[in-house]
Amino acid sequence: MKPIADYTLKEMMTIVAAREVRNNDIVFCGTGISMLAAMAAKKINAPQSVIFFETGAIDSKLEELPLAVGDPRIMYQASCNGGLIDSFTTMQNPITGKHVVGILGAAQIDIYGNLNSTVIGDYNDPDVRFSGSGGACDVASFVPRSLIFMKQEKRKFKRKLDYITSPGYLDGPNGRKKAGLPKGGPYRVITDMGIMGFDKHTKKMYLLGHFPGISPETILQNMEFIIETSNSKEVLPPTLNELKLLRTKCDPHCLIL
Amino acid sequence: MKPIADYTLKEMMTIVAAREVRNNDIVFCGTGISMLAAMAAKKINAPQSVIFFETGAIDSKLEELPLAVGDPRIMYQASCNGGLIDSFTTMQNPITGKHVVGILGAAQIDIYGNLNSTVIGDYNDPDVRFSGSGGACDVASFVPRSLIFMKQEKRKFKRKLDYITSPGYLDGPNGRKKAGLPKGGPYRVITDMGIMGFDKHTKKMYLLGHFPGISPETILQNMEFIIETSNSKEVLPPTLNELKLLRTKCDPHCLIL
Amino acid sequence: MNTNNTKVTNLTDAVKSYVKDGCHLSIGGFTINRNPMAAVYEIIRQKIKNIHLYAHSNGQGVDELIGSKSLTCLEIAYGGSGKFASTCIRFRKAVQDKAIKIEDYSNFQMALRFLAGSMGVPFLPTRSSFGTDIIKKWGFPPEFRKNNAKLPNKKLIELDNPFGNWCDTRKVVLVPAINPDVTIIHVQKADYRGNCRIHGLSFADVEQAKSARHLIITCEELINDDALKNDPDRNQIPFIHADAVVHVPHGAYPTACYGYYDYDPVFLKEYAKIAKNDDKYHLYIQSQILGTLSHEDLMDKVGRDRLKMIAADKKRGYAKGLDRR
Amino acid sequence: MNTNNTKVTNLTDAVKSYVKDGCHLSIGGFTINRNPMAAVYEIIRQKIKNIHLYAHSNGQGVDELIGSKSLTCLEIAYGGSGKFASTCIRFRKAVQDKAIKIEDYSNFQMALRFLAGSMGVPFLPTRSSFGTDIIKKWGFPPEFRKNNAKLPNKKLIELDNPFGNWCDTRKVVLVPAINPDVTIIHVQKADYRGNCRIHGLSFADVEQAKSARHLIITCEELINDDALKNDPDRNQIPFIHADAVVHVPHGAYPTACYGYYDYDPVFLKEYAKIAKNDDKYHLYIQSQILGTLSHEDLMDKVGRDRLKMIAADKKRGYAKGLDRR
């Protein structure tokens with residue numbers, strides 16, 4: 001079954017992610033759909049959340065959708081135009097950092113939410129090179145909660161990553177602590193088919209919800225590893241109001257959507 | 001013999017120190033006479049020297065004499081109003097730091113130019129407490145050359161300091177290197193009786209010059225330790241022009257003089 | 001920090017909510033500039049005691065908190081008010097009388113300690129102070145530190161450069177981070193959410209603000225809309241760090257506030273005289289501070305003429321030609 | 001750095017004087033913003049080769065220096081131009097073809113490395129990247145580092161917290177300082193002595209500038225008097241760090257310069273297409289870069305209409321309603 005015609009999968013993903021943002025969250029976001037989700041959260045369900053860019057802009061007035069975290073649009077009507085050091089130390093500082101939710105994307109993810117955005121293949125002789133960490137490793141290291149956008153594909157949900165760019169729970173429940181990382185870790189994975197959480201005890205990914213028209217089995221077929229799906233529920237599709245706000249207030253020119 | 005009537009000892013000290021500043025020096029100064037000397041240097045012999053305050057102001061337009069390094073007068077027409085971190089890192093950074101000359105004062109000094117501005121007596125049960133290091137320890141640690149103002153008194157030129165606040169050459173020629181300090185160290189000591197330098201090899205203080213009317217012997221009588229005086233020459237008194245610039249352009253209201 | 005949408009309150013409530021008996025406090029400003037004096041006086045009025053205070057080179061604020069016996073411990077680089085008191089007088093007395101425990105650092109080290117706290121790291125490295133007694137002599141002995149969870153176990157640590165001789169540096173001194181329970185700063189402009197704009201030098205106020213668990217801001221001008229966001233390049237502290245914003249004109253008096261007023265040389269000279277005498281000082285605290293209800297009340301007592309005398313020249317930011325002898 | 005009284009020069013001479021074959025260079029800006037493109041193109045025109053480049057998250061500048069085969073080594077956190085090239089295309093090609101040696105850090109780590117260099121310390125600590133391959137996998141092997149005095153002996157070091165568990169931190173990652181031979185930044189305003197005023201976000205430009213042995217500044221507006229000193233709170237880099245100041249309007253084009261112009265989406269989309277094809281790219285470098293004499297010449301070629309299209313709205317600082325699809 002195909003998704004219902006009156007919304008696209010990208011819209012669904014954006015809105016599902018936006019719903020996970022809470023009022024008073026400080027939302028760290030990168031480019032593309034993650035930036036759109038942060039904007040949507042502010043318009044839809046968390047008006048007091050604060051958008052925060054790794055480049056140092058806080059609470060900018062986003063009249064137009066930025067196309068990069070270095071876009072001049074984020075410098076307009078910010079609370080403060082700082083620099084990279086200001087931004088990352090705000091996350092590293094546990095006093096402010098505990099309020100930050102990160103929205104990330106990656107090329108590959110494993111069952112513990114570790115991410116690869118650097119290379120496919122051998123690091124010193126790569127088949128495919130991606131952009132590299134950027135601030136993703138830092139966010140994933142520091143913040144208590146992160147949302148991860150992924151395409152639901154076998155080559156992306158990997159048993160073993162070619163390169164760990166950003167730490168999830170590393171090798172399991174005690175992984176972060178053993179390695180020296182602050183508490184926290186990935187919270188949700190949002191794909192074009194469903195949404196995953198991480199088990200409180202095992203720290204393994206599990207299926208929280210499947211999108212309308214997608215079965216948990218279909219999702220499993222599009223992953224290299226197996227996750228628990230028994231408690232998955234169908235995710236509510238975007239409401240008319242959510243869609244309206246997303247389309248008219250966030251990306252009217254379809255730059256991302 | 002008393003100093004000649006047409007200048008005061010404070011004026012002499014200020015001008016003798018000012019003469020040691022070179023064009024293109026970045027002059028770090030504290031409050032009081034050291035600030036006045038920095039201003040005098042700019043008016044008299046080093047117009048391109050740059051005055052620089054530990055509070056972060058660089059090249060301020062000093063229309064009036066500041067009475068503290070936190071005086072608002074230093075914030076007017078500066079190149080950049082930064083903060084403490086900016087200021088001290090400019091000295092710690094060897095690229096910029098190598099151009100900085102520090103002007104310092106202290107309660108006690110020893111033969112290697114180590115300074116005490118913290119306590120007389122036991123640190124945990126002091127007879128007299130002074131202001132503490134402020135930025136002096138940092139300047140003395142970082143910069144290649146510092147000028148030190150001292151009153152010529154036995155209790156101030158000490159064989160052994162009660163507390164080392166700011167490092168000079170520590171215990172001799174290899175002292176700074178052994179301790180882990182960058183190169184550099186004290187360059188001149190300017191008192192109300194004369195001016196001292198430090199021997200290139202032994203790093204011990206020696207008498208470079210005695211003020212008009214003061215004999216090297218008088219200077220030795222006002223120190224607890226003995227220094228080499230054989231090459232001391234009489235220091236040229238302030239010229240009329242130097243005095244005029246000092247009195248009219250630097251401290252017309254006699255706030256320090 | 002909190003992300004509430006308004007943090008505007010009054011000074012009594014702000015101090016009562018965050019400055020507790022025994023708390024670890026840091027105050028902004030430098031020597032005779034932008035000390036958060038209104039808040040200092042309110043702390044004295046509320047008789048909050050046993051404070052552990054952090055400052056770098058603070059003059060008036062530190063001296064009055066010491067003089068009013070509000071402190072038990074002090075970590076500081078420099079206690080002085082420039083020409084008015086090259087060593088702060090009640091500070092000197094208290095250290096000599098062993099009335100407070102004191103730990104000495106250099107100015108850069110104190111600034112770095114706040115920076116470390118604001119950055120969320122346990123320490124930062126410097127090349128300052130090798131061979132000095134700042135490293136060798138500790139004001140807080142190891143047992144004292146061990147019994148106080150709010151203190152690092154060591155004053156300073158020397159570390160061999162783990163990157164060999166990288167940057168021509170054989171070793172570094174590590175300074176431990178400070179995360180005060182509360183920081184109080186006085187700024188020129190703040191908005192209702194706590195965005196701050198400091199004019200002139202920022203000293204270490206930004207680092208002190210960002211390292212604190214709670215931040216109280218007093219300000220000359222309280223901006224009730226989002227106007228500060230029209231020029232975000234000029235704002236140094238975003239609202240996410242703030243807990244309380246209080247409108248207190250002349251809130252730094254008798255120290256200076258660039259662009260608004262100068263330090264008051266009459267007050268500072270008079271204070272230096274009074275501070276030298278225990279009885280007179282006791283009387284000063286009783287009448288001048290405890291005898292006034294608020295900073296407004298205190299400013300009324302100081303009088304319009306004195307405030308006019310120190311009013312800043314708009315162009316220069318200080319009071320041109322002010323008699324400072 | 002130097003403390004000369006005027007540093008104004010032209011781009012040809014500035015690049016010739018400081019950017020040498022094999023030098024260690026860092027360029028400012030971020031993804032599609034304030035890359036010092038005029039200087040990058042001049043480097044390509046002067047055919048300076050074997051450059052060791054440092055950047056944090058740089059897009060266009062890095063990609064064109066790679067595409068023109070000016071680099072041998074690159075240390076970077078992120079090579080991308082946002083929507084226009086989520087991974088920079090010549091960058092990707094060069095890494096996959098092993099045409100350059102690359103060392104990966106996180107963005108914060110690169111920023112900290114410049115900060116360490118600017119502060120004059122050999123390293124700074126962070127709590128980022130534990131357990132990742134950023135720590136485990138080195139692009140520059142130990143032997144390579146050993147034979148290169150301009151590189152630290154190690155990529156990153158894990159250190160147990162010497163202050164016990166202070167700040168609830170068991171261990172930290174140490175990142176080594178960078179002190180480039182030369183840094184090039186493009187700013188909105190600079191004066192004849194090299195005082196700089198950046199509008200909007202500063203990225204890591206200030207740290208990159210202060211960590212460098214030599215600093216070249218290109219600027220939209222060159223101020224020939226001391227007017228920038230009328231508002232010192234807005235200046236981020238004092239002149240003592242600068243070596244050369246060059247007036248280059250549109251010096252960041254095709255990337256944006258806040259308050260002056262937006263990025264050029266037409267150029268960036270076209271570039272992304274060309275960059276995918278080796279022959280086309282070779283032709284692009286030949287005609288567009290080597291075929292123009294200067295940035296002014298290049299801007300003439302781009303044409304008045306395109307520049308008008310991206311001109312910034314005065315209030316917003318970007319080109320409102322610019323077609324960016």
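Lettering follows sequence order; numbering is per chain, from 1. This one's a predicted model, so the numbers in the text were calculated from it and none came from an experiment.
Interface with chain B: from residues 260-271 of chain C, residues C/Asp262, C/Tyr263 qualify, criterion being any non-hydrogen pair under 4.5 Å. Along residues 110-118 of chain C, the residues that come nearer than 4.5 angstrom to chain B, judged on non-hydrogen atoms, are C/Ala111, C/Leu112, C/Leu115 in order of number. Of residues 96-103 of chain C, those residues with a non-hydrogen atom less than 4.5 Å from any non-hydrogen atom of chain B are, in numerical order, C/Gln96, C/Lys98, C/Ile102, C/Glu103. Within residues 248-256 of chain B, the residues having any heavy atom closer than 4.5 Å to a heavy atom of chain C are B/His253, B/Leu255, listed by residue number.
Of the atoms belonging to C/Ala204, heavy atoms from both backbone and side chain fall under 4.5 Å from chain B. For C/Lys93, no part lies near chain B; criterion is any non-hydrogen pair under 4.5 Å. For a residue to count as touching a neighbouring chain, one of its non-hydrogen atoms must lie under 4.5 Å from one of that chain's; by this rule B/Val139 does not touch chain C. Contacts of C/Thr126 with chain B are made by both backbone and side-chain atoms, with heavy-atom separations under 4.5 Å. Both the backbone and the side chain of C/Lys320 come within less than 4.5 Å of a heavy atom in chain B.
Note: C/Phe108 leads C/Tyr105, C/Phe108, C/Phe30 in heavy-atom pairs under 4.5 Å with chain B. Of the listed residues (B/Ser133, B/Ala136, B/Gly134, B/Ser117), the greatest number of heavy-atom pairs within a distance under 4.5 Å of chain C belongs to B/Gly134.
Between B/Gly83 and C/Ser202, the shortest heavy-atom distance links the atoms CA-OG, 3.9 Å. Across all their heavy atoms, C/Thr31 and B/Ala68 have their closest contact at OG1-CB, 3.8 Å. Residue C/Arg127 comes nearest to B/Pro182 through the heavy atom pair NH1-CG, 3.1 Å, listed as atom of the first residue, atom of the second, then distance. The two residues B/Gly56 and C/Leu201 have their closest heavy-atom pair at C-CD2, 3.6 Å.
For the pair B/Ser141 (side chain) and C/Ser128 (backbone), a donor-acceptor distance under 3.5 Å is absent. A donor-acceptor pair is defined here as one N or O able to donate and one able to accept, closer than 3.5 Å; such a pair exists between the side chain of C/Arg92 and the backbone of B/Arg129. Within the 3.5 Å criterion, the main-chain N or O of B/Lys177 finds a donor-acceptor partner in the side chain of C/Arg170. Side-chain atoms of C/Arg316 do not come within 3.5 Å of backbone N or O of B/Glu63 as any donor-acceptor pair. When atom types are taken as modelled, the side chain of C/Asp133 and the backbone of B/Thr165 share no donor-acceptor pair closer than 3.5 angstrom.
We find the NZ-CD1 distance between C/Lys136 and B/Ile164 to be 5.5 Å, quoted to the nearest 0.5 Å. Atoms OG1 and CD1, from B/Thr118 and C/Ile134 in turn, are 6.0 Å apart once rounded to the nearest 0.5 Å.
No hydrogens or angles considered: a donor-acceptor pair under 3.5 Å links the side chains of B/Tyr123 and C/Asp104.
Under a 4.0 Å N-O distance rule, the pair C/Asp168/B/Lys183 does not qualify as a salt bridge. The pair B/Asp71-C/Arg324 meets the salt-bridge criterion, with a side-chain N (NZ, NE, NH1 or NH2) lying under 4.0 Å from an Asp/Glu carboxylate O.
Contact check for C/Asn33 versus B/Met75: side-chain heavy atoms found under the 4.5 Å cut-off.
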